[in-house]
Amino acid sequence: MRTLLTAALAMTLATPANAADPVHQATQAALPQLMDFYRDFHANPELSLHEIRTAAKLAAEARKAGYEVTEKVGGTGVVAVLKNGAGPILLIRADMDGLPVTEDTGLPFASKVRTTNDEGIETGVMHACGHDTHMASWIGTLRNLAAMKSQWKGTLVMIAQPAEERGMGARMMLEDGLFTRFPKPQFALAFHDAAALPAGTIGVRSGYALANVDSVDIKVSGVGGHGAYPQTTRDPIILAARIVTTLQTLVSREIDPQDAAVVTVGAIHGGSTHNIIGKEVTMLLTVRSYTPEVRKKLLDGIARIAKGEAIAAGIPEDRMPVVTIRNEGTPSTFNTEPLTGRLQALWTGRFGKDRVVETPAVMGGEDFGRFYLADKSIQSMIFWVGGVPKAKWDAAQAGKEPLPSLHSPFWAPEAEAVIGTATEAMTAAALDILKR
C-alpha cells in the first residue's frame, strides 16, 4: 500500500501541465507494482555477467506485454522487440548488474546477498548505482508503450544489458549481433539515476556527457638490493615516484586547458620490508577524457613519461617500464542533436522548467555510448533523473550533511520519484519519436 508520504510525493511531482495526461495517469497507476519490482531487484542484486535471475524476470515481463523476446544475447542480455507498422526504430536500454558493495542503507528491503566474485573474493552485492530503478522504469515504459500502440508507429527494441559496471555489456551485445539479428535502431535512449540532483529532476546534457575511461597498469622494474647500499641498486620506488610526479604535467602542461582530462594514480604496490630495495613496483592508473584526440595524447604521454624517467634513472634497456592498457576501456558517451534539444523541450513542456535542467558533463563512464559509436547515424541520448530526497538535498545545500555518491553503500534514491519520472519521460519521448 502506498504511504501518505509517497502519495504526497506523487502529487508534488504532478504538475498542472501533465496531471490529466494519459501518459502521466498510466504511469502513476502502474507505480505501486513498479515499486514492487524495484524492491525485488534491490533485494536480489547480481554481479556483472551473472544477471541470470534478473534477466529471466525482465524477459518474462516483456513477453507478458506482447514483445518478441530473445534471451542470452551477449551473455545474459535480453532483447524485446515490438513491431507496430512502418516507422522509425527506437532502442531503449536498461542495465541489470549490481556492484560488489555491502549495503548499509538500513532499508527494510536492503540486499543481504553475498557471493564470491570472479576473482575468488567473497563480497556483498548491492544495487549501489541504481540499476534497480532503471529496470523498474524499463518495465513501466514497455508496458505503457504496448498499451498505447494506437498512438505510435514503428519498432521498439527494448534491451536489458548486462555488465555495464565492467564496461563490457554493450560491446558483448553488439558482438552477438544486436544490430544485425534485430532491427537496427535509428534512435537510442537510456537514463541514469543521479546522486547529485533532487528527486524527480531531469538532467540533460548535449554533446559529451560521460567520459572515456581507461585503466592503465605500469610495471616499473629496477635493480634490487640491500637498503644500506643503495648505490648498488636502481630503486623502482624512487622511479615510480618520479613517474607519478611527471604524470601530473600531462594535464597541466600538455592538454589544452579547455579540454577536460584526468590522470589519477590509484594504487602503487612495491617493496617487502624496511631494509630491502625491491626489484619491481606496479602502478594502477585511471585515465579520463572526452575526445579521441585527448585520449590518445594521455595514453601516449603515459608511455613516453614512464620510459623517459626510467632512462633518466639509469634503468637498463631490458628493464624499461611496461605500460599496459586494459582491454576493456569505456568510450565516452555523446548526446546527439537534434534529439537532445528536441527531448529537452518536450520534457520542459511536460514537467516544467524547474524540473528539467542542463547538467555538466561528468568524468564517470557509461558503456551506453558504444551503441552510437557502432553507427554514428544513430541519434542517441542518455539523461539523468535525480534521486536525492528533498530533506537530504536541502540539508546538503545548507552544508549540514554530505550526499552519498553513486556506488556508495549508503546510496538510497527516492525510488518512486526516479521510477515515476523516468517512466513518464521515456514513454513521452518514445511517443514523440514514433508519433503517427
Side-chain angles (χ1 to χ4, degrees), residues 119 166-167 196 208 210-332 360-366 402 405-408:
E119 288 72 41
R166 294 177 60 175
Y208 286 108
L210 294 114
N212 296 308
V213 179
D214 289 291
S215 297
V216 179
D217 299 351
I218 306 177
K219 177 182 173 183
V220 179
S221 298
V223 178
H226 200 297
Y229 313 110
Q231 73 277 12
T232 66
T233 71
R234 291 291 182 268
D235 190 340
I237 291 179
I238 296 294
L239 174 54
R242 289 178 177 174
I243 292 172
V244 170
T245 301
T246 308
L247 285 176
Q248 308 314 304
T249 66
L250 269 176
V251 175
S252 67
R253 289 296 177 269
E254 297 192 32
I255 302 299
D256 188 322
Q258 298 180 85
D259 290 327
V262 171
V263 177
T264 294
V265 180
I268 298 179
H269 303 290
S272 59
T273 191
H274 303 74
N275 64 345
I276 295 175
I277 293 174
K279 65 176 183 178
E280 187 175 293
V281 170
T282 301
M283 304 168 61
L284 306 179
L285 288 68
T286 187
V287 182
R288 313 275 171 137
S289 58
Y290 292 121
T291 69
E293 295 78 15
V294 171
R295 184 185 197 183
K296 185 176 189 304
K297 283 184 179 180
L298 293 175
L299 296 177
D300 288 350
I302 289 167
R304 186 192 74 241
I305 286 169
K307 183 174 182 179
E309 291 294 344
I311 292 170
I315 300 298
E317 183 63 33
D318 62 348
R319 298 188 186 183
M320 286 289 116
V322 177
V323 178
T324 303
I325 301 168
R326 297 278 185 89
N327 290 333
E328 204 62 54
T330 300
S332 58
V362 298
M363 277 292 176
E366 237 288 1
S405 67
L406 297 176
H407 293 206
S408 163

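Note that the coordinates shown come from a computational prediction; the quantities given were computed from them, not determined experimentally.
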What's the verdict on side chain to side chain contact (heavy atoms under 4.5 Å, CB included) for T330 and L210, showing C-alpha distance, side-chain angles and the deciding distance? CA-CA 10 Å; T330 300; L210 294 114; over 6 Å; no
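- Evaluation of the ring pair (Phe, Tyr, Trp, His ring centres under 6.0 Å) rule for H226 yields Y229 as partners, not counting sequence neighbours.
- Identified under the ring-ring contact (aromatic ring centres under 6.0 Å, His included) test for residues 233-254, with sequence neighbours left out: none.
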Give the table of side-chain donor-acceptor pairs shorter than 3.5 Å for residues 306-324, with sequence neighbours excluded, one pair per line with atom names and distance.
| from | atom 1 | to | atom 2 | distance (Å) |
| --- | --- | --- | --- | --- |
| E309 | OE2 | T246 | OG1 | 2.7 |
| R319 | NH1 | G222 | O | 2.9 |

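- Residues in residues 246-268 take part in these salt bridge (Lys or Arg N to Asp or Glu O under 4.0 Å) pairs, two or more places apart or across chains: E254-R304.
- The heavy-atom pair separating V294 from A261 by the smallest distance is CG1-CB, 4.1 Å.
- Residue pairs meeting the ring-ring contact (aromatic ring centres under 6.0 Å, His included) criterion with at least one partner in residues 261-280, sequence neighbours excluded, do not occur; the list is empty.
- For the side chain to side chain contact (heavy atoms under 4.5 Å, CB included) test, residues two or more places apart in sequence or in another chain that qualify with T286 are V213, T264, R288.
- Y208 and S332 get closest at one heavy-atom pair: CE2-OG, 3.4 Å.
- Not counting sequence neighbours, the partners of I238 by the side chain to side chain contact (heavy atoms under 4.5 Å, CB included) test are D235, R242.
- Contacts of T282 classified as side-chain hydrogen bond (donor to acceptor under 3.5 Å, both in side chains), with partners at least two apart in sequence or in another chain: none.
- Pairing each heavy atom of V281 with each of A240, the nearest pair is CG1-CB, 3.9 Å.
- With sequence neighbours left out, S289 forms a side-chain hydrogen bond (donor to acceptor under 3.5 Å, both in side chains) with N212.
- Paired with I302 under the rule side chain to side chain contact (heavy atoms under 4.5 Å, CB included), one option of I325, I243, V216 passes, and it is V216.
- Residues forming a side-chain hydrogen bond (donor to acceptor under 3.5 Å, both in side chains) with Q248 (at least two apart in sequence, or on another chain): none.
- Here CE of M283 is found 8.5 Å from CG of L239. Values are rounded to the nearest 0.5 Å.
- Under the rule for a salt bridge (Lys or Arg N to Asp or Glu O under 4.0 Å), R234 has no partner lying at least two apart in sequence or in another chain.
- Across every non-hydrogen atom of P236 and I277, the tightest pair is CD-CG2, 4.1 Å.
- Shown here is Q231, whose CD atom has more than 12 heavy atoms of other residues, nucleotides or ligands within 6.0 Å.
- When every heavy atom of V262 is checked against every heavy atom of L298, the shortest pair comes out as O-CD1, 4.4 Å.
- Atom NZ of K297 is separated from atom CD1 of I255 by 5.5 Å, given to the nearest 0.5 angstrom.
- In this structure D300 satisfies the side-chain hydrogen bond (donor to acceptor under 3.5 Å, both in side chains) test together with K296, sequence neighbours excluded.
- Taken to the nearest 0.5 Å, the CD1 atom of I218 stands 9.5 Å off from the CD1 atom of I268.
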